[in-house]
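Here the structure comes first, spelled out in structure tokens, and everything after it is commentary.
The chain is numbered in sequence order, starting from 1. Values reported hereafter were calculated over all heavy atoms of this structure, with side chains retained and with hydrogens, waters and symmetry mates removed. All ligand and atom numbering here is 1-based and tracks the order in the structure.
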Amino acid sequence: MSLAKVFPPKSEILFEQYQKLYRQSIENPKEFWGNAAKEHVDWFRPFDKVLDGGFEHGDVRWFEGGKLNISYNALDRHNPNDLALIWEGDEPDDIRKLTYGEVLRKVCKIGNALLRKGVQKGDIVTIYMPMIPELAMTMLACARIGAVHSVVFAGFSAEALGQRISAAKSKIVVTADVGRRGGKTIGLKDIVNDALTKLDCNSVIEHVMVWERFYNAESSASPPYEMKDRDIRMDPLVAVQRPYCPPVHMDSEDNLFILYTSGSTGNPKGLVHTTGGYAVYAKMTTQVTFDLQPGDVFACVADCGWITGHTYVVYGPLLNGSTSFMFESTPVYPNEGRYWDMIQRHKITQFYTAPTAIRLLMRYGDEIPKKYDLSSLRVLGSVGEPINPEAWRWYYEVVGRSKCTVVDTYWQTETGGHIITNLPGITPMKPGSCTLPFYGIDTVVLCPTTGKELTEPDENGNFQGVMALKSPWPGMARTCLGDHERFLTVYFKPYPGYYFTGDTVSRDKDGFHFIIGRMDDVMNVSGHRIGTAEVESALVAHPAVAQAAVVGKPHEIKGQSICAFAMLTAGYEESPELIKELRGSVRSEIGGFCNPDLIVITPSLPMTRSGKIMRRILRKIVCGEIDSLGDTSTLADPSIVETLIEKVEKL
Ligand code: ATP
Ligand code: MG
């Protein structure tokens, strides 16, 4: 990586302590996790066994015999007067603050409302809601009564929502009349209606429960949307419920939620997470990775439709009793200073976002963040994709004023929480590296062909291969919804004995991990295995490039040739000179062998709705296989596909 500078930890002693504790956690995982489970979670009944089962059959179970309720752990055990949630809506002056006492009472009322409408323990409730406090509270209410929530990101189409409702066989869908984003209103209830007309198993649905954004008990004689017989208005129903609902004593391995992956590499996978292990893992990773302290205002700006929102907006911060900041809008509404303005106004201490947002904001220049007082910040987090060193440096220097830790957290929907990340003040930082494994996470690098752990470094002293894990951890998903065979096939069969992440990694001589791309995306050019992240970083290092994506295309002589797609920064124009400069940038950052055969300048890139580049679509386009693009339901803006096909055809 080009920015090879290492940022040493504040104290070598703390780093040595990490190494020692890490070794212990790997050598004796049962003792380590048994202690962690007792320390981080309150159990109604203690567990009998720490871990049982394994990867071969996918029958892993943690803390068997233990009884707990995650909503009890997230709410009841904290000071009712402390602030639990600060919410900022689409408009910056639309703010709500709720204490733990207020959230607990409302969660109980929602829980009682769901019970009233026939929801039983184990039922899957589909939630299709905007980022409002009621979303978090509906999730917690499901957990309280033992129902399983399946949150579907509110940007999904009726089709995608319908498929997820069907797969879950939900009797109840909880939604809101509208969502708001970037000044626009989205009729969510209408989309639910649409989804239900498309459903073959429509008869399963008993009720659609609707939160009304601007509900007013006095004035709303009739709701501002089309009511059907099965619809229930949430606000009046909740208002009359008792504000206490006893938490169901859940088995450690009872299902807690269903959640789908982003669909970057194929058909989204509906993963099932269970209660005990997830609670321990969410609680502990949030506290340790973000160095949570009493009084912190923790802001993760991800949507609850993704795992980042589940673990680091709702469960992690609340299990820790801290204040979670919840955000409905976009980083550029009403202007490009929105994040910095929020940090200043709410004195946010930890801020957690994705590389795509950092790259976007970086291109608006340093002047915007510099206008704000960001001195409350201590930790800046990144998640979702490899963060290129250029964006890392900007985040560290311009946003963090070279005083904050940047934690590059590597994990997946499947892992429940961070699995590789640096820890503030403890781990040295290397820009572009997610650094070292979290406690109890046994990472290995496998040879893609033999499936064996690599023992010999390559000519640069690195171990490059398949990113895999050797033993179970409490936060891992337990199965794919309704399809355990798929779970085994995708994660455990490719490399028997290991959990397969699907990513390629390079581990350096210090044991630091650099995620270099998806397994499917790694290119092989004239015998060199090249990761997408490296070439994309070299392109983004040029000021003209805001975002880049590269893919390989079969080539008679080289095996594969590199095709690059670049989105320009405002103010730059496409020209032959610029293309030449971009080639120069790749050559000087990595080497001549990575020279792209094709550089396509594009107005945007195919991204998932969670902000990740969908390279599989680009690969199909450069190979001319446009009839078999695969599942495009998770594309944020499907119209970009046509534009790209036309551009590539003209070249
Ligand atoms: P699908 O599995 O459907 O293709 P997805 O893998 O994008 O979608 P997620 O579970 O949301 O769905 O994303 C996990 C993936 O995101 C990881 O496997 C990895 O490729 C990438 N990722 C997440 N965090 C990081 C990080 N800090 N550094 C590098 N890559 C990351
Ligand atoms: Mg994945």
Q.
For atom 16 (O) of ligand 1, which of the options Met614, Glu414, Lys612 provides the nearest non-hydrogen atom?
A. Lys612
(Q) Between Lys620 and Glu625, does any side-chain N to carboxylate O distance fall below 4.0 Å? (A) yes
Q: Compute the shortest N/O to N/O distance between Lys269 and ligand 1 and return yes if it is under 3.5 Å, no if not.
A: yes
(Q) I need the contact type for Thr265 against ligand 1. Using non-hydrogen atoms and a strict under-4.0 Å cut-off, is it side chain, backbone, both or neither? (A) both
Q.
Residue-level breakdown please: for Arg518 versus ligand 1, do any non-hydrogen atoms fall below 4.0 Å on the side chain, on the backbone, on both, or on neither?
A. side chain
Q. Counting heavy atoms only, which of Asp521, Asp631, Thr261 is nearest atom 3 (O) of ligand 1?
A. Thr261
**Q.** atom 7 (O) of ligand 1 - nearest protein heavy atom and its distance
**A.** Ser264 OG, 2.4 Å
(Q) Students should be able to answer this: which protein heavy-atom is nearest to atom 12 (O) of ligand 1, and at what distance? (A) Ser262 N, 3.2 Å
Q. What part of Thr634, side chain, backbone, both or neither, has a heavy atom within less than 4.0 angstrom of ligand 1?
A. neither
Q: Could you tell me the residue and atom name of the protein heavy atom closest to atom 28 (N) of ligand 1, and the distance to it rounded to 0.1 Å?
A: Glu385 O, 3.4 Å
Q.
Just to be sure I read this right, does ligand 1 sit under 4.0 Å from the backbone of Trp411, its side chain, both, or neither, counting only heavy atoms?
A. backbone
Q | Parallel, tilted or perpendicular: ring planes of His310 versus His149, cut at 30 and 60 degrees | A | tilted
Q: Taking atom NZ of Lys493 as the centre, report whether more than 12 heavy atoms of other residues, nucleotides or ligands fall under 6.0 Å from it.
A: yes
Q) Do you see a donor-acceptor pair shorter than 3.5 Å between the side chains of Ser610 and Thr608? A) yes
Q) Does the side chain of Thr356 pick up a donor-acceptor pair with the side chain of Gln547 at under 3.5 Å? A) yes
Q. Does the ring centre of Phe492 sit less than 6.0 Å away from the ring centre of Phe487?
A. yes
Q: For Ile515, counting its heavy atoms only, list the atoms of ligand 1 lying under 4.0 Å from any of them.
A: 29 (C), 30 (N)
Q: Report the part of Thr413 (side chain from C-beta onward, or backbone N, CA, C, O) that has a heavy atom under 4.0 Å from ligand 1; answer both or neither where that applies.
A: both
Q. Can you name the salt bridge (Lys or Arg N to Asp or Glu O under 4.0 Å) partners of Glu56, sequence neighbours left out?
A. none
Q | Residue selection (non-hydrogen contact nearest atom 29 (C) of ligand 1) among Ser433, Pro386, Ala533, Pro268 | A | Pro386
Q: May I ask you to identify the nearest protein heavy atom to atom 17 (C) of ligand 1, giving residue, atom name and distance to one decimal place in Å?
A: Asp503 OD2, 3.3 Å
Q | Near-ring test Trp411/Tyr281, centroid separation under 6.0 angstrom | A | no
**Q.** N or O contact, Gln412 vs ligand 1, cut-off under 3.5 Å
**A.** yes
(Q) Is Gly263 close enough to touch ligand 1? Criterion: a residue heavy atom under 4.0 Å from a ligand atom. (A) yes
Q: Using distance alone, determine whether Gly384 and ligand 1 share an N or O pair under 3.5 Å.
A: yes
Q: Give a yes or no on whether the ring-centroid distance for Phe438 and Trp473 is below 6.0 angstrom.
A: no
(Q) Checking Thr413 now: which residues fulfil side chain to side chain donor-acceptor pair (under 3.5 Å) with it, not counting sequence neighbours? (A) none
Q) In terms of side-chain heavy atoms, does Ser170 have a donor or acceptor partner in Thr126 at a distance below 3.5 Å? A) yes
